[in-house]
2 protein chains.
Amino acid sequence: MLSFCGQDKCKLDKNGRIKFSPRIISDFKDACSGNVVLHCLPEGAVAVYPEDVYLQMRRQESRIAEQAASSALFRRNMRRFGAFSQSEVISSQGRITIPAAYRDHGQLSTDSDVVIIGVEIGIEIWNLERWQQEVLKIDEYNSLKSEQEIALDLRN
Amino acid sequence: MLSFCGQDKCKLDKNGRIKFSPRIISDFKDACSGNVVLHCLPEGAVAVYPEDVYLQMRRQESRIAEQAASSALFRRNMRRFGAFSQSEVISSQGRITIPAAYRDHGQLSTDSDVVIIGVEIGIEIWNLERWQQEVLKIDEYNSLKSEQEIALDLRN
DNA sequence: GTCGAAAATGGTTTATAATGGTATATTATG
DNA sequence: CATAATATACCATTATAAACCATTTTCGAC
């Protein structure tokens with residue numbers, strides 16, 4: 001059985017909380033007992049990863065402090081991950097609260113439709129319209145790839 | 001006896017479920033006890049594979065989390081396979097439910113005619129008109145290939 | 001420090017959708 | 001033409017999302 005797959009459409013409630021589908025809830029229960037990390041992605045969605053997945057993502061080289069002292073770029077990167085990542089626990093009713101700043105980042109307004117996307121290592125929460133745009137981009141990329149492949153085959 | 005071959009025409013019911021023919025049901029029972037993965041294909045159909053077939057297709061390189069942290073392209077790829085793949089179990093009556101998003105992808109509307117195509121490692125569910133288009137493309141490609149082969153042979 | 005307002009949290013209810021099962025119509029087969 | 005097999009429509013039941021409500025907590029004003 002695949003984990004963290006598929007799509008669900010659901011709503012943020014009036015208080016900015018989201019209720020996961022039973023499938024997602026059990027995936028997170030298995031993976032991390034509900035201890036997750038919210039993380040704002042550059043793509044404009046909010047990702048939810050099991051805590052240890054996030055720690056793997058952020059596994060750092062040594063001498064962090066020294067690098068922080070000498071590199072502005074490094075400091076900016078740490079700032080980005082620091083500011084835009086936050087621990088949460090999935091409640092007994094399968095809900096989490098999305099902090100206001102994170103809702104803004106993902107254009108996930110209170111009482112609006114959002115889409116939950118499985119990404120194999122966790123999930124992403126997308127604004128509906130943004131997700132549709134992203135699907136268009138994925139489709140476009142795929143059809144270009146296909147055409148290219150077939151054209152190449154016929155040339156041989 | 002060949003598995004996952006041939007074509008069936010059938011209907012989605014009002015709830016977006018499909019009932020497989022006895023032949024297909026027994027193929028899936030033999031291959032995976034009914035544990036399948038639905039996967040949306042770029043060609044605009046919905047494939048159904050035995051779970052281990054899908055896992056083979058999707059075998060991953062290592063250090064997934066770290067790549068996800070640093071590469072937008074990698075994240076998009078995970079998103080593509082995550083969003084468009086989902087586990088299902090064939091019910092005791094030989095039915096599976098196609099999730100709404102997947103129905104949209106394959107233009108498989110509720111209460112409409114669809115075509116089940118055996119693809120040797122699994123099956124594909126096609127919208128009737130799209131399948132007819134695909135057959136035309138297959139024919140076109142094949143005649144191009146044949147001409148090419150003969151032309152090449154004569155040149156030598 | 002105390003009170004009040006506002007927000008956050010936890011839980012419950014209800015409308016809706018998904019599911020499992022059965023009956024019936026249709027098609028295939030001898 | 002009769003019978004069996006199968007697809008599909010229908011219905012009952014269950015599960016779930018989302019709205020609603022109550023309680024608790026936080027924060028600010030007095």
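Convention: sequence-line order gives letters A, B, ...; per-chain numbering from 1. What you see below is based on every heavy atom in this structure, not just the backbone, and it leaves out hydrogens, waters and symmetry mates. Just so you know, these numbers come straight off a predicted model, no measurement behind them.
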Assign each of S92(B) and A100(B) to its nearest nucleotide of DNA chain C by heavy atoms, then name whichever residue's nucleotide is nearer the 5' end.
-> A100(B)

Which nucleotide span of DNA chain C, 5' end to 3' end, has atoms closer than 4.0 Å to non-hydrogen atoms of chain A?
-> dT9(C) to dG11(C)

Check ion pair D8(B)-R23(B) (N to O, under 4.0 angstrom) = yes

Could you check if a side-chain atom of R79(B) sits within less than 4.5 angstrom of a side-chain atom of E43(A), using non-hydrogen atoms only?
-> yes

Heavy-atom side-chain proximity of V37(B) to V48(B) below 4.5 angstrom = no

On the 0 to 90° scale, with breaks at 30° and 60°, tag the H39(A)-F81(A) ring pair as parallel, tilted or perpendicular.
-> parallel

Test ring-ring contact (aromatic ring centres under 6.0 Å, His included) applied to H105(B) - qualifying residues, sequence neighbours left out | F84(B)

Is any side-chain heavy atom of F20(A) closer than 4.5 Å to a side-chain heavy atom of I96(A)?
-> yes

Is any NZ, NE, NH1 or NH2 atom of the basic residue among K19(A) and D13(A) found under 4.0 Å from an Asp or Glu carboxylate oxygen of the other?
-> no

Where along nucleotides 13-26 of chain D does protein come under 4.0 Å, by heavy atom, of base (B) or sugar-phosphate alone (S), with - for untouched nucleotides?
-> ---SSSS-------

Say whether E120(A) and Q60(B), considering side chains only, have a donor N or O and an acceptor N or O under 3.5 Å apart.
-> yes

